[in-house]
A.B. asks: 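Encoded as structure tokens, here's the structure I'll be asking about.
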Amino acid sequence: MPSIVKPTAAHPSLVRNKLGLTIRDYEGSMSTLCAGCGHDSITAAIIRAFHESSTPPEMIAKMSGIGCSSKTPTYFVNGAHGFNSAHGRMPAIATGAIAANRSLTFIGVSGDGDSLSIGLGHLAHAIRRNPKMLYVIENNGVYGLTKGQFSASADIGSKPKKGDPNRMQPIDPMLLALTLGATFVARSFSGDKEQLVPILKAGLAHNGLAIVDVISPCVTFNDHEGSTKSYISSRKNITRVTEMDFVPPEQEIIAQISPQGKTAVTMHDGSVVYFTSLPEGYDPSNRLAAYSYLSEQQGKGEIPTGLFYVSTDQPELHELNATPDEALVNVPYSKLSPGAAALDKLMEGFR
Amino acid sequence: MHQTIRVNDFAVKLANVNGTGSASANGLLMTAIFRMGIPVCGKNLFPSNIQGLPTWYEIRVSGDGYQARALDYDLMVAMNSQTYARDIKEVRAGGYVLYDSSWPLDKSLSRNDVTFLGAPLAQMCNDAFGNPRERILMKNIAYAGTLCALLSIDMAVVDALLLEKYGMKQAMVDSNRKALMLGYEYAKEHLPCPLPFRLATMDANSDKVLIDGNTATALGCLYAGATFAAWYPITPATSVMDAFTKFSAKYRKDKETGRSNVCILQAEDELAAIGMVIGASWAGARSFTSTAGPGISLMNELLGLAYYAEIPAVVIDVQRVGPSTGMPTRTQQGDVLECAYASHGDTKHILLFPSNPNECFHFAAKSFDLAEKFQTPVMMVSDLDIGMNDWVTPRLKWDDSYQPDRGPVVTKEDLEGMAKYFRYSPQDENNVPARSLPGVHPKGAFFTRGSGHNKLGVYTEIPDEYQEVVDRLLLKHKSAAKFVPEPVIERREGAKFGIVSIGGCDSAVREGLDRLADRGIAADYMRVRGFPFDEPVERFLLEHDFCFIIEQNRDAQFKALLTLETPVPKEKMVSLLFYGGFPLSAKNVVDGVVTHLEGSK
Ligand SMILES: Cc1ncc(C[n+]2csc(CCOP(=O)(O)OP(=O)(O)O)c2C)c(N)n1
Ligand code: SF4
Ligand SMILES: [Mg+2]
């Protein structure tokens, strides 16, 4: 962990986004993670994604559970509200916050322990409720913060630093998400920013729960020959299923210049995701096909990445619950109390 | 045998099989008596089962207005042959048993100190109704008709109730009327109507309603302006959210758009329910959950998070019998300590103890003000007896001048004028710092954490910095003592000792005090309504030589809390504990007090 203080002055050549903000405006405090930790690379991609999406920092809510991964919201967008909550409970806490204030842009950061063990039930039910949030699982196959125990995503044969290899079936968040009906299912690798940033941006634009599994090597406990989530193994076995571009709404026209060979998916805010599918005929709108492709490839020891599945027409939390367009936190009390006269009238029915 | 006539002062117990439709007949009787202007109390003693097990309903009529159970049954309506033996045993000497004489009663069940009244209810209904389901349902209405004759229930009132209930469904009105008259006319012809204990119209209920505590609680949450609720089904708390959902559909839905100014989520478990509530409160919505003991157990971790990170949360705990699954449909006060100190580490919560539906309404609303004023979880600790039984209670009234007390919250304007905002300092006169809500202003951005933090909200592992924050939290909790509902204290001339209780003990204790007075034993009474305890609670305990602490659990949890949280020596407190699962009666109180006084002579 380097102990230098980052310079805060923005470099004049730094690109300004629609709000006139530079990438510096989306940075956070110094990371306290191990040098080389995959999570820090994801943080850098998140910073870029927010900057490029021109999200006002104060309108961002950063939710997380507990773990090295869940610490990272401190390391991006200092100007946003954050909630580093309790181990595994982030999806529930975020769901409440999203229900209360839909005008915020939510990102949930979690780990494989946080989301696939202690919080698996909440993840599953968040998928059902489909709240609008980018949900990033920083997946290293171990519990980093408690020093290297296997997590539920550890692959069969994965070797811990000490002790015997794992022999139990891993829980794969992508297959799980597809089975449970998730509306946005993507995977990337912490070391592949060119792919990760557009996926994160598309996830932020998605009108529902966008689950992004990011393979993120833990250099301290899970980055050695025997680990399938090490840098070496990831680099060797990762294949991109879909190449994708994310085009914000106002650039639509320019991007449409060369749409050949691409599949375009328009998100609810007017932004467009363009896919170039690598395997012949891969269709990101076909849940079943995505499921079989993933299980087949993973059976061969490959780690496919990309946006595997997206559906833009399923109801999200607020539509499911028929709440108003206005954030509930902004509804004035005068609209909430039925008033004394209504109670008097109601009481007649209790006589 | 000559019997004196007793008007508006008796107890009837109805023994039924659950799932056979007896609940609506019993409710009909209760409401009819209420409409006759007579003080009445109904207790549903039901099993944790959907169909086929014994279930009882008690109706106590008390012109004097007593609301507790009476254990001396004047009349047993024995409609469940499985439980004949124990039911018949429970009737007081000189009392009556009404049974279904479609089948002969086994001789061995006979008692010569009670009068058996037979009515061939099943047979009459079989003859009158073709549909087998209807035969079973209408048998209940038929016994209601018999009771109308036996107890002089006003038939016009009953008829009006049937009309209100079934309204447009003429067929339902007709069959109910028919069954009612079958039972009524049979009684008039064959039974000694009316019995020596009977009803006569009064005018005690004009400013009263008949409502259960959970419905009243839901109304309190609605009127307080709750816009978010999350829950997981559990007896006896489920009807809080059922009612809240119903009222929300009625009062929060925009007729044109069909959208509701509230979001109610049925969570996957209680961990999620409290998590969602904390998330919604953190974002600035008034939010609550309702649950029972098993749910509170699951919520422990996150209640600590809300306590330490200073996030409001309202929890309605409708207590049932523990430990573990315990007896889900029976009542107890077994969550007092668990609620007071829920979660690991040094945590203390604000508790409110209502004792009737009227207080459920007002305390539920108050919970939101306290939760936001003190930025911490507030638990309203009710119980099954209060929550699920219908009570005659003063009409619920709302004051339109009410404005929510949101506690210290920095506004956009505040933030604009600030050099820098810190979440945990400065603090107000109650040791509460100002919250900033997400999305309001860039300067208000704050990183909430359940991990160690200093008064600026920054992560810390430094002992002094950590302690400074948790010490303030303790002061904050103490400050809340002045804001929870004050104890209700009633003094009697010549009192030698005090009686102290909480929540659902109240009606039995009040009646017990009168019965003790009849015997020349005078006691002062204090009902505690909130925690942390304020100075009057301490004073009452200290100024008496000793006090009985009456509560419904095995381990004297309320007494333990008084011992821990006041300087009162524990020798001054004598426990009277009742924890079998049925609501308390005055007899329990009187026997307990008298036995102790005699034993210590
Ligand atoms: C209720 C509870 N149990 C256990 C812990 C201890 N704990 C902290 S982080 C963690 C695992 C984190 O693993 P993961 O989510 O994969 O995050 P990583 O550190 O690998 O990024 C555990 C078990 C806790 N904080 N809370
Ligand atoms: S222990 Fe592993 S996961 Fe945690 S910071 Fe270090 S490298 Fe990252
Ligand atoms: Mg991990």
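All values reported here derive from a predicted model rather than from experimental measurement.
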A.B. asks: Taking every heavy-atom pair that is under 4.5 Å apart, which of B:Gly304, B:Gly258, B:Ala273, B:Gly444 has the most such pairs with chain A?
C.D. replies: B:Gly444

A.B. asks: Of the non-hydrogen atoms in B:Phe228 and A:Gly96, which two are nearest, and what is the gap between them?
C.D. replies: CZ-CA, 4.0 Å

A.B. asks: Specify which of B:Gly284, B:Ala285, B:Pro404, B:Gly450 makes the most heavy-atom pairs with chain A at under 4.5 Å.
C.D. replies: B:Pro404

A.B. asks: Between A:Leu104 and chain B, which part of the residue has a heavy atom less than 4.5 Å away: side chain, backbone, both or neither?
C.D. replies: side chain

A.B. asks: With chain B as the partner, which of A:Val331, A:Leu328, A:Val77 has the greatest number of non-hydrogen pairs under 4.5 Å?
C.D. replies: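 Greatest number of close heavy-atom pairs with chain B: A:Leu328.
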
A.B. asks: Between chain A and chain B, which N and O donor-acceptor pairs fall under 3.5 Å? A table would be great.
C.D. replies:
| from | atom 1 | to | atom 2 | distance (Å) |
| --- | --- | --- | --- | --- |
| A:Glu58 | O | B:Gly439 | N | 3.3 |
| A:His81 | NE2 | B:Ser436 | O | 3.2 |
| A:His81 | NE2 | B:Ser436 | OG | 3.2 |
| A:Gly82 | N | B:Phe446 | O | 3.0 |
| A:Gly82 | O | B:Thr448 | N | 2.8 |
| A:Gly82 | O | B:Thr448 | OG1 | 3.4 |
| A:Asn84 | N | B:Thr448 | O | 2.8 |
| A:His122 | ND1 | B:Glu268 | OE2 | 2.8 |
| A:Arg129 | NH1 | B:Glu268 | OE1 | 2.9 |
| A:Arg129 | NH2 | B:Gln266 | O | 3.1 |
| A:Arg129 | NH2 | B:Glu268 | OE1 | 2.8 |
| A:Ala322 | O | B:Ser260 | N | 2.7 |
| A:Thr323 | O | B:Arg259 | NH1 | 2.8 |
| A:Asp325 | OD1 | B:Arg259 | NH1 | 3.2 |
| A:Tyr333 | OH | B:Tyr223 | O | 2.6 |
| A:Leu336 | O | B:Arg252 | NE | 2.9 |
| A:Leu336 | O | B:Arg252 | NH2 | 3.3 |
| A:Gly339 | O | B:Tyr223 | OH | 2.8 |
| A:Ala340 | N | B:Asp400 | OD1 | 2.9 |
| A:Ala340 | N | B:Asp400 | OD2 | 3.3 |
| A:Leu343 | N | B:Tyr223 | OH | 3.2 |
| A:Glu348 | OE2 | B:Arg395 | NH1 | 2.9 |
| A:Glu348 | OE2 | B:Arg395 | NH2 | 3.0 |
| A:Phe350 | O | B:Leu210 | N | 2.8 |
| A:Arg351 | O | B:Arg35 | NE | 3.1 |
| A:Arg351 | O | B:Arg35 | NH2 | 2.9 |
| A:Arg351 | NH1 | B:Asn205 | O | 2.8 |
| A:Arg351 | NH1 | B:Lys208 | O | 2.7 |

A.B. asks: Just so I understand: if I count every heavy-atom pair under 4.5 Å between each of B:Gly439, B:Ala283, B:Ala272, B:Pro438 and chain A, which residue has the most?
C.D. replies: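 The option with the most such pairs is B:Pro438.
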
A.B. asks: Side chain, backbone, both or neither: which part of A:Pro73 has a heavy atom under 4.5 Å from chain B?
C.D. replies: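 Contact with chain B is through both the backbone and side chain of A:Pro73.
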
A.B. asks: Hey, what do you get for CG (B:Leu305) to CD1 (A:Ile93), rounding to the nearest 0.5 Å?
C.D. replies: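 Reported to 0.5 Å precision, the distance equals 5.5 Å.
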
A.B. asks: Do you know which of A:Leu346, A:Ile98, A:Leu336, A:Ile66 has the most heavy-atom pairs under 4.5 Å to chain B?
C.D. replies: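 With the most close heavy-atom pairs to chain B, the winner is A:Leu336.
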
A.B. asks: Quick one: what part of B:Val392 sits under 4.5 Å from any heavy atom of chain A, side chain, backbone, both or neither?
C.D. replies: neither

A.B. asks: Given heavy-atom pairs under 4.5 angstrom as the criterion, report whether the side chain, backbone, both or neither of A:Pro324 touches chain B.
C.D. replies: both

A.B. asks: Identify which of A:Gly88, A:Pro338, A:Gly79, A:Gly349 forms the greatest number of heavy-atom pairs closer than 4.5 Å to chain B.
C.D. replies: A:Pro338

A.B. asks: Give, as side chain, backbone, both or neither, the part of B:Leu161 having an atom under 4.5 angstrom from any heavy atom of chain A.
C.D. replies: neither

A.B. asks: Please look at B:Ala224 and chain A and tell me whether the side chain, the backbone, both or neither of the residue comes under 4.5 angstrom of a heavy atom of that chain.
C.D. replies: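 The backbone, not the side chain.
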
A.B. asks: Mind listing the closest non-hydrogen atom pair of B:Ala445 and A:Ala80 along with its distance?
C.D. replies: CB-O, 3.6 Å

A.B. asks: Measuring from A:Phe350:CZ to B:Phe34:CZ, what's the distance to the nearest 0.5 Å?
C.D. replies: 11.0 Å

A.B. asks: Between B:Ile274, B:Leu271, B:Ile278, which residue shows the highest count of heavy-atom pairs closer than 4.5 Å to chain A?
C.D. replies: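 When all of B:Ile274, B:Leu271, B:Ile278 are compared, B:Leu271 has the most.
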
A.B. asks: Any idea which of B:Gly225, B:Gly279, B:Ala230, B:Ala309 has the most non-hydrogen atom pairs under 4.5 angstrom with chain A?
C.D. replies: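 The residue among B:Gly225, B:Gly279, B:Ala230, B:Ala309 with the greatest pair count is B:Gly279.
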
A.B. asks: I'd like to verify something: which residue of A:Ala97, A:Ala100, A:Ala341 has the highest number of heavy-atom pairs under 4.5 Å with chain B?
C.D. replies: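 The candidate making the most pairs under 4.5 Å is A:Ala97.
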
A.B. asks: Taking every non-hydrogen pair under 4.5 Å, which of A:Ala124, A:Ala94, A:Ala86 racks up the most with chain B?
C.D. replies: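 With the most close heavy-atom pairs to chain B, the winner is A:Ala86.
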
A.B. asks: Report the option among B:Val440, B:Ile264, B:Val277, B:Leu302 that has the most heavy-atom pairs separated by less than 4.5 Å from atoms of chain A.
C.D. replies: B:Leu302

A.B. asks: Is chain B contacted by the side chain of A:Met63, its backbone, both, or neither, given a heavy-atom distance below 4.5 Å?
C.D. replies: side chain

A.B. asks: Which one of A:Ala340, A:Ala61, A:Pro57, A:Gly121 has the most heavy-atom pairs closer than 4.5 Å to chain B?
C.D. replies: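 Most heavy-atom pairs within the cutoff with chain B belong to A:Ala340.
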
A.B. asks: Tell me, please, which residues at least two apart from B:Ala204 pass side-chain contact (heavy atoms from CB on, under 4.5 Å).
C.D. replies: B:Pro39, B:Met202

A.B. asks: To the nearest 0.5 Å, tell me how far B:Leu265 CG sits from A:Leu317 CG.
C.D. replies: 6.0 Å

A.B. asks: Measure distances from A:Ala342 to the heavy atoms of chain B and classify the residue's part below 4.5 Å as side chain, backbone, both or neither.
C.D. replies: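 A:Ala342 touches chain B through backbone and side-chain heavy atoms alike.
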
